Amino acid sequence: MENCIFCKIANKEIPSNFVYEDEYTVAFNDLSPQAPTHILVIPKKHFSSLNEVDDENIMSALFKAVQNVTKKLGIKEYRTVINTGEAAGQTVFHIHIHILAGRPLKWPPG
Ligand code: AMP
Ligand code: ZN
């Protein structure tokens with residue numbers, strides 16, 4: 001999708017060091033990390049949010065990618081977050097799964 005920063009990252013129009021890549025997904029470090037490890041996993045195909053994802057292959061690919069990223073980095077304890085909609089804190093409207101690790105994380109989130 002035009003003017004989507006994460007599409008540009010996935011298409012390699014913007015240079016980024018991928019932590020992980022497969023047929024359907026890529027993962028890269030968050031620009032503004034909220035924990036020592038803060039990685040974003042995104043589908044290569046554009047969906048504005050979880051509400052728009054209509055492809056079960058991509059749903060499963062996203063979660064498989066989270067497993068692959070954490071395995072690759074040797075991370076066993078981590079938090080995954082999907083913010084859906086502005087009120088939930090979504091600021092980039094291309095679905096992404098946050099992986100946060102490396103410090104104790106409180107619950108409930110703010
Ligand atoms: P959310 O608020 O859930 O939509 O998360 C968007 C995340 O994308 C934030 O944590 C931002 O720091 C991150 N972000 C925005 N632009 C970039 C970028 N160009 N590269 C990496 N991360 C980004
Ligand atoms: Zn996009």
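No hydrogens, no waters, no symmetry mates; every other heavy atom, side chains included, goes into these values. Note that ligands are numbered from 1 as they come in the structure, with each ligand's atoms numbered from 1 the same way. Quick caveat, the model's predicted, so the values are computed rather than measured.
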Is there a side-chain contact between Pro43 and His94 (heavy atoms, below 4.5 Å)? yes
What is the closest protein heavy atom to atom 4 (O) of ligand 1, and at what distance does it sit? Thr91 N, 2.7 Å
Is any NZ, NE, NH1 or NH2 atom of the basic residue among Glu23 and Lys44 found under 4.0 Å from an Asp or Glu carboxylate oxygen of the other? no
Does any N or O atom in Ile9 lie less than 3.5 angstrom from one in ligand 1, N or O only? no
Proximal atoms of ligand 1 relative to Asn29 (non-hydrogen, under 4.0 Å): 21 (C)
N/O/S atom name from His46 that is nearest to the position of the Zn ion (ligand 2): ND1
With a 4.5 Å cut-off on side-chain heavy atoms, are Phe28 and Leu40 touching? yes
Opening angle at the Zn ion (ligand 2) [SG, Cys4; SG, Cys7; to 10 degrees]: 120°
Looking at His94, the N/O/S atom that lies nearest to the Zn ion (ligand 2) is called ND1
Geometric N/O contact Asn83 with ligand 1, under 3.5 angstrom: yes
Any heavy atom of Phe93 closer to ligand 1 than 4.0 angstrom? no
Give yes or no for whether the N/O distance cutoff of 3.5 Å, strictly under, is met between Gly89 and ligand 1. yes
So for Phe28 against ligand 1, with non-hydrogen atoms under 4.0 Å, the contacting part is side chain
Minimum distance, heavy atoms only, to atom 11 (C) of ligand 1: which one of Ile97, Asp30, Ile5, Ile14 is it? Asp30
Is the closest side-chain heavy-atom distance between Trp107 and Arg79 below 4.5 Å? yes
Taking C-beta and beyond as the side chain, do Asp55 and Tyr24 meet within less than 4.5 Å on heavy atoms? no
Geometry only, no angles: is Leu31 polar-contacting ligand 1 at N/O separations under 3.5 Å? yes
Glu86, Lys8, His96, His38: member with heavy atom nearest to atom 1 (P) of ligand 1: His96
Which ligand 1 atoms, with their elements, are less than 4.0 angstrom from a heavy-atom of Leu40? 8 (O), 13 (C), 22 (N)
What atoms in ligand 1 come closer than 4.0 Å to a heavy atom of Ser32? 12 (O)
Could you tell me whether the side chain of Val41 reaches within less than 4.5 Å of the side chain of Phe63, counting heavy atoms only? no
